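Structure record follows, encoded as structure tokens.
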Amino acid sequence: MDTRYNPSNIETAVQQRWQDSNAFAVTEDPRREKFYCLSMFPYPSGKLHMGHVRNYTIGDVISRYQRMRGRNVLQPMGWDAFGLPAENAAIDNKVPPARWTYANIDYMRGQLQRLGFAYDWSREIATCKPDYYRWEQWFFTRLYEKGLVYKRTAAVNWCPTDETVLANEQVIDGCCWRCDTRVVRKEIPQWFIRITAYADELLAGLDNLPGWPEQVKTMQRNWIGRSEGVEVDFELAAGAEKLAIFTTRPDTIMGVTYMAVAAEHPLALRAAENNPAVAAFIEECRHAGTAEAELETMEKKGMPLGLEAVHPLTGGRIPLWVANFVLMGYGTGAVMAVPAHDQRDHEFARKYGLPITPVIFPADGGDPGIDEAAYVESGVLKNSGTFDGLPSEQAKGAIADALEQSGHGRRQRHYRLRDWGVSRQRYWGAPIPFFNLPDGGVIPVPPERLPVLLPEEVAMDGVRSPIKQDPVWRKAEHAGRAVERETDTFDTFIESSWYYARFCCPDQDQGMLDERVHYWLPVDQYIGGIEHAVLHLLYARFFHRLMRDLGLVRHDEPFANLLTQGMVLKDGAKMSKSKGNTVDPQRMIDQYGADTVRLFIMFAAPPDQSLEWSDSAVEGAFRFLKRLWKFADQVVALPRIDLAACQLDAEQRQVLCRIHETIVKVNDDIGRRYTFNTAIAAVMELMNTLQRLDPANAGNQALLHAGLDAVARLLAPIVPHITQAIWEALGHTEMLIDAPWPEANPEFMQREEITLAVQVNGKRRDEIRVPVDATEDAIKEAAMNSENTRRFVAGRDLRRVIVIPGRLVNIVLA
RNA sequence: GCCGGAGUGGCGGAAUUGGUAGACGCGCCAGACUCAAAAUCUGGUUCAGGCAACUGAGUGGGGGUUCGAUUCCCUUCUCCGGCACCA
């Protein structure tokens, strides 16, 4: 053993050994319990950032732990390779997106290997390759046959100067990021997948996911947003038209004082024809973005249309407005407004001097107090004709009945969740496999003509997609007719919605998936950033059900357990190029080695919390490994003494006890709690204990060997290189990854005496040592007689004494 | 704006089911080794008072429940994540 800790030599040699023995390649083995551990695959942006390192270290620690526990562990890795940044890089560097992407993949693969992650590289996937995306093209055409995909118009951000669609992140303060032109909303035809048809199932499924964090399930429930309400038809005062709205508060319907429609609503457009003010307002509305956050925070504006609707129950006239906060395409594009009982309606009514009529009053007979803000709670109805006196909950039913009986409405279930728009007007994505006909019809590309290949050697002009401006690519023939290929590509969330299944059978070229998925799925542990709590994780759950309904997979849910990791911060802020506070993982690996980086990142915080980067704490992690190395070097030089042959004294028995307590603690922290930081702290404590032992004593020599053996195994998942090298120095020939996880022996963990805290009125005043089997009375007596306690108890009335076994005694005084 | 989180020493964090607040590490201080420095090792380190024993205060702020609250409830402030075309 080299007396100096040299991480780069150690790590190179150990990684070579793993590679030579093909240590992480796995195949299905029905006799063994499988464990599928998956970290969210990265977008190949160029090089790894600390968020990746954290994500993949967590996954690797869990994988290596499960392997030592005897499981057949699958840990694959791949590349979420389509996406917008490649197009931007292509323009900046005059390199085709494909070439840029493949170069990034090659570099980042090298970085992952240098970090020593136990991946089965034979299963590597890049989603931009035809052998991957052909299957989602095939799948999409199957969904079309089942009626689960459809085409309709939807709004996009449009730059009139560049004549191109912009992503939300490309819109800065309402303007195009490249040319600063004001962006407008434009309706264009797009493809949708009917996720709403699965809304109920996706909602109910959350109840069967005990291995998911409650916060993520809550976010998904709120996102789906199921609500029960009534769709109500308001007839227009002039003409026979109807205006349908949805409300969850039919009890407030007598308080409707105005209605509002979206700027794109046919009624608004018609009113604009002979009302220039309305036309100007609608034009202004076109400049609002498509992002919900923007729409919700912008100033609410509106304008009367000069039209009136008829209240379905009272027959009263209600003015119709056009408003910028009502959106076409979300629901019916129209809302009823009850300013007394809805805050947004209240603000709007006050701004434009519209009447505010309270119809719900607090049940205790108080005043709803609607001058300053809406009264949004439930209560008792007033000013509501025959419904007066009913509590809100009853009134909802009664009014719904009345509307249904008069033919003016129907009870309805409503979702906040909207169908999944998957069309992107970009080049670097999987082409949507359809032929467009001159008459506007569409034909799915037949399976034998898939994949629809995306050309890779292209020049990007920065505005138009190369396939959109290539007439040769667009031109195709179907059944003897001239047709045109669809030039929109898929949302990249499609690729990431099924990659976890493809990892089970990445080489299958006759189908999307094969029977191997039945062995590996579901994923036992999925690890990724909390920022994916809703979109990616909901789409993947949805896609999994679509695959299930085509008979491709068996379970309902793709991910049995989910771990959402926090951000990596520096100086309290998320690392980003614009803030200039990034730390390059590569520099850290070069300077300290992979083990130090892994150790720091697992020690600095529990995985679900944000992690504050600290150069000096990295230094500390490195120092610990140096100390571990030196300690191991000293221990392997000692005579090997069998613990069973030793007569240990009381102090030595306590050290043995601590070794076994540490095994219990680390096993629980890694295997159940996922608090790797406390697992590492426990091993550090054990090391501190072991290093205080006098190595000249024979009993201590046995303890040091036993202790080092335990430390090497317990730290193996976290710092796999240094522990493997120590393992070899201890004389083992088989690899540490194949050694069994240590087991604690309860025989060594029995204690004779324990320490209890003594409190007086809840304040800690002293401590006592008592035999483990002491009776409650004996404990009380010892507590009352302890020196410091007596000073506080003296001369005061004793109320009671509370004994918490194994913890403390609380003496309560009057 | 809406939804979901997080606030504990100088810093990262620990306290697992309501039971000894500050484990472990960083930093800092002192000491050892050294001509000296680095490295390493040993000890100390929540704040205030005290030579000390010890005492008082203390988990973003305010209030509550309890023998006992970082933990449960109400309220409030600040920061972070998501909001459907960034991934």
Side-chain angles (χ1 to χ4, degrees), chain A residues 40 42-43 45 80 82-85 156-157 165-171 190 213-216 218-223 225 290-298 300 325 343-344 416-426 491-493 496 529-536 538-539 564 566-567 569 572-574 600 603-606 608-621 623-624 626-627 630 668-669 672-673 675 677-678 680-685 688 755-759 761-767 788 791 799-802 804 806-813:
Chain A
M40 289 181 185
Y43 178 78
S45 55
D80 189 12
F82 277 136
L84 206 46
V156 292
N157 300 307
V165 175
L166 299 176
N168 284 336
E169 71 161 6
Q170 296 175 322
V171 179
Q190 309 207 53
E214 213 48 58
Q215 61 160 305
V216 174
T218 304
M219 281 191 257
Q220 292 210 353
R221 279 187 196 105
N222 292 338
W223 185 264
T290 56
E292 189 184 89
E294 195 186 329
L295 297 168
E296 290 283 335
T297 49
M298 73 185 175
K300 311 291 186 287
F325 59 84
Q343 189 54 30
R344 187 180 63 187
R416 202 186 79 95
L417 179 69
R418 309 193 298 262
D419 275 338
W420 178 9
V422 296
S423 297
R424 297 293 180 268
Q425 296 70 40
R426 311 194 191 295
D491 176 6
T492 57
F493 275 125
S496 54
I530 183 67
E531 65 274 19
H532 296 292
V534 176
L535 291 179
H536 161 61
L538 189 64
Y539 289 141
T564 49
M567 310 254 133
L569 313 176
K574 185 178 172 174
F600 163 74
F603 181 57
D608 54 336
Q609 281 182 31
S610 60
L611 181 153
E612 177 67 32
W613 185 267
S614 159
D615 288 330
S616 52
V618 175
E619 196 77 50
R623 210 148 47 210
F624 174 75
K626 279 194 286 190
R627 215 167 79 222
K630 210 167 103 186
D668 190 47
D669 284 353
R672 179 183 66 89
R673 293 212 303 154
T675 52
N677 55 329
T678 53
I680 293 164
V683 176
M684 285 175 167
E685 282 188 76
N688 291 341
T755 306
L756 296 180
V758 182
Q759 294 182 336
N761 282 344
K763 280 195 192 298
R764 185 182 176 282
R765 294 301 180 187
D766 209 344
E767 59 181 41
N788 207 33
R791 291 176 37 212
R799 272 257 185 86
R800 55 199 269 220
V801 180
I802 297 161
I804 308 297
R807 293 273 179 189
L808 55 73
V809 185
N810 189 12
I811 298 164
V812 185
L813 302 176

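Each chain gets a letter, A, B and so on, in the order the sequences are listed, and its residues count up from 1. What you see is a predicted model; the values in this text were computed from it and never measured.
- Checked against B:G12, B:U55, B:G19, the side chain of A:Q759 finds its nearest nucleotide in B:G19.
- Between B:U55 and B:G10, the distance separating the two C1' atoms is 25 Å to the nearest Å.
- Between atom OG1 of residue A:T290 and atom CG of residue A:L295 there is a gap of 7.5 Å, rounded to the nearest 0.5 Å.
- Residue A:E292 places its side chain closer to B:A84 than to any other of B:G4, B:A84, B:C67.
- Comparing B:U71 with B:G61, their P atoms are spaced 11 Å from each other, to the whole Å.
- Protein atom CZ of A:R799 is 13 Å distant from nucleotide atom P of B:U66, rounded to whole Å.
- The interatomic distance linking A:R807 (CZ) with B:A15 (P) rounds to 12 Å, in whole Å.
- For the P atoms, the distance from B:U17 to B:G27 is 32 Å, rounded to whole Å.
- Taking every side-chain heavy atom of A:N810 into account, B:G19 is the closest of B:G19, B:C24, B:A14.
- B:C28: Watson-Crick or G-U partner is B:G44, with both key distances under 3.5 Å.
- In summary, the side chains of A:N688 and A:R627 do present a donor paired with an acceptor at a separation below 3.5 Å, with no hydrogens or angles considered.
- Considering only side-chain atoms of A:W223, the nucleotide from B:C54, B:A23, B:A84 that sits closest is B:A84.
- For the pair A:I530 and A:Q215, the minimum side-chain heavy-atom distance is below 4.5 Å.
- Looking at the side chain of A:N788, the nearest of the listed nucleotides B:A87, B:G1, B:C54 is B:C54.
- A:W223 is listed as a side-chain neighbour of A:L535, based on a closest heavy-atom distance under 4.5 Å.
- Rounded to whole Å, atom C1' of B:G82 lies 14 Å from atom CD of A:E296.
- Pair assignment for B:G18 gives none, since no Watson-Crick or G-U wobble pairing has each distance under 3.5 Å.
- B:A15 sits 11 Å from B:U59 when the C1' atoms are compared, rounded to a whole Å.
- With no hydrogens or angles considered, a side-chain donor-acceptor pair links A:T678 and A:D669 at under 3.5 Å.
- Going from the P atom of B:A53 to that of B:U46 covers 13 Å, rounded to whole Å.
- Proximity note for A:A757 (side chain, C-beta onward) versus B:U20, B:A14, B:A87: the nearest is B:U20.
- Checking A:I530 against A:V216, the closest nucleotide of RNA chain B that is more toward the 5' end is the one next to A:V216.
- Comparing B:G19, B:C86, B:G82 by their nearest atom to the side chain of A:E531 picks out B:G82.
- B:A84 makes up no base pair with any nucleotide shown, lacking Watson-Crick or G-U wobble contacts both under 3.5 Å.
- The pairing partner recorded for B:G7 is B:C77, the criterion being a Watson-Crick or G-U wobble arrangement whose two distances lie under 3.5 angstrom.
- The distance from atom NZ of A:K763 to atom P of B:G56 is 6 Å, rounded to the nearest whole Å.
- Of the side-chain N and O atoms in A:R673, one or more sit less than 4.0 angstrom from OP1 or OP2 of B:A15.
- Where A:D80 and A:A604 meet RNA chain B, the nucleotide closest to each residue was compared, and A:A604 sits on the side nearer the 5' end.
- In the set B:A87, B:C24, B:U40, the nucleotide with an atom closest to the side chain of A:K630 is B:U40.
- Taking only side-chain nitrogens and oxygens, A:Q609 comes nearer than 4.0 Å to OP1 or OP2 of B:A14.
- Listed nucleotides: B:C67, B:A84, B:G25. Nearest to the side chain of A:N688: B:G25.
- Among the nucleotides B:C67, B:U40, B:C3, the one closest to the side chain of A:K626 is B:U40.
- Nucleotide B:C33 has no partner under the Watson-Crick or G-U criteria, as no pair reaches both atom distances under 3.5 Å.
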